[in-house]
Chemist: 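Dropping a structure here in structure tokens format, bear with me for questions.
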There are 2 protein chains.
Amino acid sequence: MFIELDLQSETPLYTQLIDQLIEGIASGELKPGEPLPSVRSLAEDLGINLHTVNKSYNLLKQEGFLQVHRKKGVIVQPDGMPGVTQEFEEKLRRTLRSLAAETAVRGMTEEAFVQQSRSIYRDILTNRGGEQR
Amino acid sequence: MFIELDLQSETPLYTQLIDQLIEGIASGELKPGEPLPSVRSLAEDLGINLHTVNKSYNLLKQEGFLQVHRKKGVIVQPDGMPGVTQEFEEKLRRTLRSLAAETAVRGMTEEAFVQQSRSIYRDILTNRGGEQR
DNA sequence: ATATCTGTTATATATGTAATATAACAGATA
DNA sequence: TATCTGTTATATTACATATATAACAGATAT
């Protein structure tokens with residue numbers, strides 16, 4: 001899987017990494033049970049510190065997207081992804097609310113905003129490596 | 001206008017303040033040309049430091065949502081709000097992409113996601129104090 | 001068995017952001 | 001003249017981010 005970090009971005013490295021791993025899972029590029037690179041090798045590949053990768057893995061494990069097997073190492077959650085928790089619903093609402101407000105003030109219509117949302121959602125599911133669905 | 005800050009939130013105070021002011025403009029509760037409280041009085045009302053309020057005002061001024069009049073003080077932009085800039089488009093895409101990916105992984109459908117977006121957009125425009133539109 | 005790889009933990013350091021505190025300035029207002 | 005405005009400067013505290021180095025216990029491969 002291709003991962004690219006922007007060292008200039010104001011988004012923290014561990015957040016960028018989390019985002020791209022979740023996208024990988026969403027698109028199907030990362031399948032349940034599939035092993036991820038070790039914290040050390042991925043850190044070296046990306047040119048960052050092992051602890052930064054470890055932080056991303058740990059947060060994803062904590063939320064149920066990854067598992068750590070003493071034998072298999074770190075793998076994509078094989079027993080079903082976590083559903084829509086109350087915490088996620090609140091985060092979703094908060095973030096959409098902030099976005100929608102600025103969108104409205106800047107004169108973008110409801111339909112434009114909604115179409116953007118739909119288009120991006122599809123984009124993610126569509127970006128599969130050619131397999132599945 | 002009612003402003004409430006969550007001191008426990010991980011969202012910075014100045015960001016919470018910015019969000020609520022933009023919501024106020026979007027909803028029509030804050031009208032173009034309307035004066036905002038001084039940095040000192042608002043800071044005291046909210047129980048925070050004057051520099052925190054000043055930071056929010058400055059960022060909003062920098063993006064074109066507010067004006068600073070030597071006479072009238074700080075007012076809501078009277079000469080038309082800024083439109084959809086390239087920077088905003090990129091921020092919108094990035095944020096929606098991250099949200100949509102997690103939404104999809106958690107099993108929320110495209111329609112549910114899109115409906116959330118639409119519902120929240122409407123919610124903001126609807127929360128007017130009873131005036132206008 | 002030895003060496004290597006795994007995630008994990010601990011400690012330390014450097015840097016930047018967030019938030020507060022005090023003080024002062026120039027322009028406008030009453 | 002006294003007061004209020006945004007603005008600037010300086011300092012301090014606290015926290016998040018990211019890195020560096022080291023060590024540990026469990027698993028793997030030679």
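Hydrogens, waters and symmetry mates play no part in the numbers below; they use all other heavy atoms, side chains included. To find a chain, count down the sequence lines: A is the first, B the second, and so on, and within it residues start at 1.
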Chemist: I want to verify a distance call: between C/dA19, D/dA27, D/dG6, whose nearest atom is closest to the A/Lys71 side chain?
Modeler: D/dA27
Chemist: Considering only C/dA18, D/dT7, D/dT19, which nucleotide approaches the side chain of B/Lys55 most closely?
Modeler: C/dA18
Chemist: Do A/Arg106 and B/Phe65 have side chains that approach each other closer than 4.5 Å (heavy atoms only, starting at C-beta)?
Modeler: yes
Chemist: Tell me whether the OP1 or OP2 atom of C/dT20 has a side-chain N or O from B/Thr52 closer than 4.0 Å.
Modeler: yes
Chemist: Of the options C/dT20, C/dT6, C/dA28, whose atoms approach the side-chain atoms of A/Arg70 most closely?
Modeler: C/dT6
Chemist: Looking at D/dT19, C/dT6, D/dG6, which one has an atom nearest to any side-chain atom of A/Ser38?
Modeler: C/dT6
Chemist: Does this structure show an ion pair linking A/Arg97 with B/Asp123, if we count only N-O contacts that are shorter than 4.0 Å?
Modeler: yes
Chemist: In terms of side-chain heavy atoms of A/Val39, which of C/dA19, D/dT5, C/dG7 is nearest?
Modeler: C/dG7
Chemist: Toward the 5' end of DNA chain D, which comes first, B/Gly73 or A/Leu50, by nearest nucleotide?
Modeler: B/Gly73
Chemist: With nearest nucleotide decided by heavy atoms, which residue, A/Lys72 or A/His51, maps closer to the 5′ end of DNA chain D?
Modeler: A/His51
Chemist: Just checking B/Leu13: base, sugar-phosphate only, or nothing, at a heavy-atom cut-off of under 4.0 Å?
Modeler: sugar-phosphate
Chemist: Where the side chain of B/Asn49 is concerned, which of C/dG7, D/dA20, C/dT20 is the nearest nucleotide?
Modeler: C/dT20
Chemist: Taking atom C1' of D/dA27 as reference, at what distance in whole Å does atom CZ of A/Arg40 sit?
Modeler: 13 Å
Chemist: Is the closest side-chain donor-acceptor distance between A/Glu111 and A/Gln115 under 3.5 Å?
Modeler: no
Chemist: Indicate, with a heavy-atom threshold strictly under 4.0 Å, whether B/Tyr57 touches base, sugar-phosphate, or nothing.
Modeler: nothing
Chemist: As a test of reading the structure: which of C/dT8, D/dT7, D/dA27 is closest to the side chain of A/Val68, going by heavy atoms?
Modeler: C/dT8
